[in-house]
Visitor: 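What follows is a structure written as structure tokens; I'll ask about it next.
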Amino acid sequence: PIEAIIAFEREIVTRKTFIGHLDPGIAHALHLKGRIHFENHKQREALDSYKEALEIYDETDGRKLKFAEVLFDVGVVLETCGCIEQSREAFLDTLDICDKEGFDNDH
């Protein structure tokens with residue numbers, strides 16, 4: 001797992017250096033990095049990665065499906081931390097985005 005974190009951090013730094021801070025590829029790498037942190041029971045680090053990914057997606061792609069995927073994972077982390085109301089809000093916002101994007105209840 002530490003090797004994966006290092007690989008994602010290198011990718012993030014390289015993209016920020018050559019492409020700029022607002023690149024969806026950086027957001028994707030941050031999202032995956034957050035998942036690895038979560039799998040290793042590092043909720044704070046996961047939330048930090050997810051927050052940065054959400055900020056980038058919000059600026060580049062808007063609040064669409066990629067944003068919703070990260071937001072769903074935020075809800076999962078918050079739920080495991082016992083932040084039930086915040087988790088519920090994240091899940092409801094995720095559902096709202098999916099609804100706006102044309103996904104029905106079968107997905």
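Residues take their numbers from the sequence shown, with the count starting at 1.
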Visitor: Asp73 and salt bridge (Lys or Arg N to Asp or Glu O under 4.0 Å): which single residue from Lys66, Lys51, Arg35 fits?
Guide: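 Of the listed options, the one satisfying the test is Arg35.
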Visitor: As an exercise, state the distance from CZ of Phe67 to CD of Glu101, rounded to the nearest 0.5 Å.
Guide: 12.0 Å
Visitor: Tell me whether the rings of His31 and Tyr50 are parallel (<30°), tilted (30 to 60°) or perpendicular (>60°).
Guide: perpendicular
Visitor: Would you check if Glu9 and Ile5 make a side-chain contact, meaning some heavy-atom pair closer than 4.5 Å?
Guide: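 When only atoms from C-beta onward are counted, Ile5 and Glu9 do touch, with a gap below 4.5 Å.
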Visitor: Extract all donor-acceptor atom pairs below 3.5 Å that involve side chains of residues 19-29 and protein atoms in other chains or at least two apart in sequence.
Guide:
residue: Asp23; atom: OD2; partner: Arg15; partner atom: NH1; Å: 2.9
residue: Asp23; atom: OD2; partner: Gly25; partner atom: N; Å: 3.2
residue: Asp23; atom: OD2; partner: Ile26; partner atom: N; Å: 3.4

Visitor: Once ring-ring contact (aromatic ring centres under 6.0 Å, His included) is applied, do any residues pair with His37, and if so which ones, sequence neighbours excluded?
Guide: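 Once residues adjacent in sequence are excluded, His37 has no partner under the ring-ring contact (aromatic ring centres under 6.0 Å, His included) criterion.
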Visitor: Quick one: CG on Asp93 to CZ on Arg63, what's the gap to the nearest 0.5 Å?
Guide: 7.5 Å
Visitor: Take Val70 and Tyr57 through the side chain to side chain contact (heavy atoms under 4.5 Å, CB included) test and state the conclusion after the steps.
Guide: CA-CA 9 Å; Val70 180; Tyr57 279 138; 3.8 Å; yes
Visitor: Any salt bridge (Lys or Arg N to Asp or Glu O under 4.0 Å) involving residues 36-50? Give me the pairs, sequence neighbours left out, ordered by first then second residue.
Guide: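 Counting only pairs at least two positions apart or across chains, the salt bridge (Lys or Arg N to Asp or Glu O under 4.0 Å) contacts touching residues 36-50 are Arg44-Asp48.
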Visitor: Would you mind reporting whether Leu95 and Asp99 have side-chain heavy atoms less than 4.5 Å apart?
Guide: no
Visitor: Write down the atom of Cys98, the atom of Leu65, and the distance for their closest heavy-atom approach.
Guide: SG-CD2, 4.2 Å
Visitor: Report the distance from atom NZ of Lys33 to atom CD1 of Ile6, rounding to the nearest 0.5 Å.
Guide: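 Those atoms lie 10.5 Å apart.
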Visitor: Which value, rounded to the nearest 0.5 Å, describes the distance between Leu78 atom CG and Gln86 atom CD?
Guide: 5.5 Å
Visitor: Could you tell me which non-hydrogen atom of Ser49 sits nearest to which non-hydrogen atom of Leu30, and how far apart they are?
Guide: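 Between these two residues, the closest heavy atoms are CB-O, 3.3 Å.
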Visitor: Do Phe38 and Val76 touch side chain to side chain, with heavy atoms closer than 4.5 Å?
Guide: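 The answer is yes, as the side chains (C-beta and beyond) meet within the 4.5 Å cut-off.
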Visitor: Output the distance between atom CG (Leu47) and atom SG (Cys83), rounded to the nearest 0.5 Å.
Guide: 8.5 Å
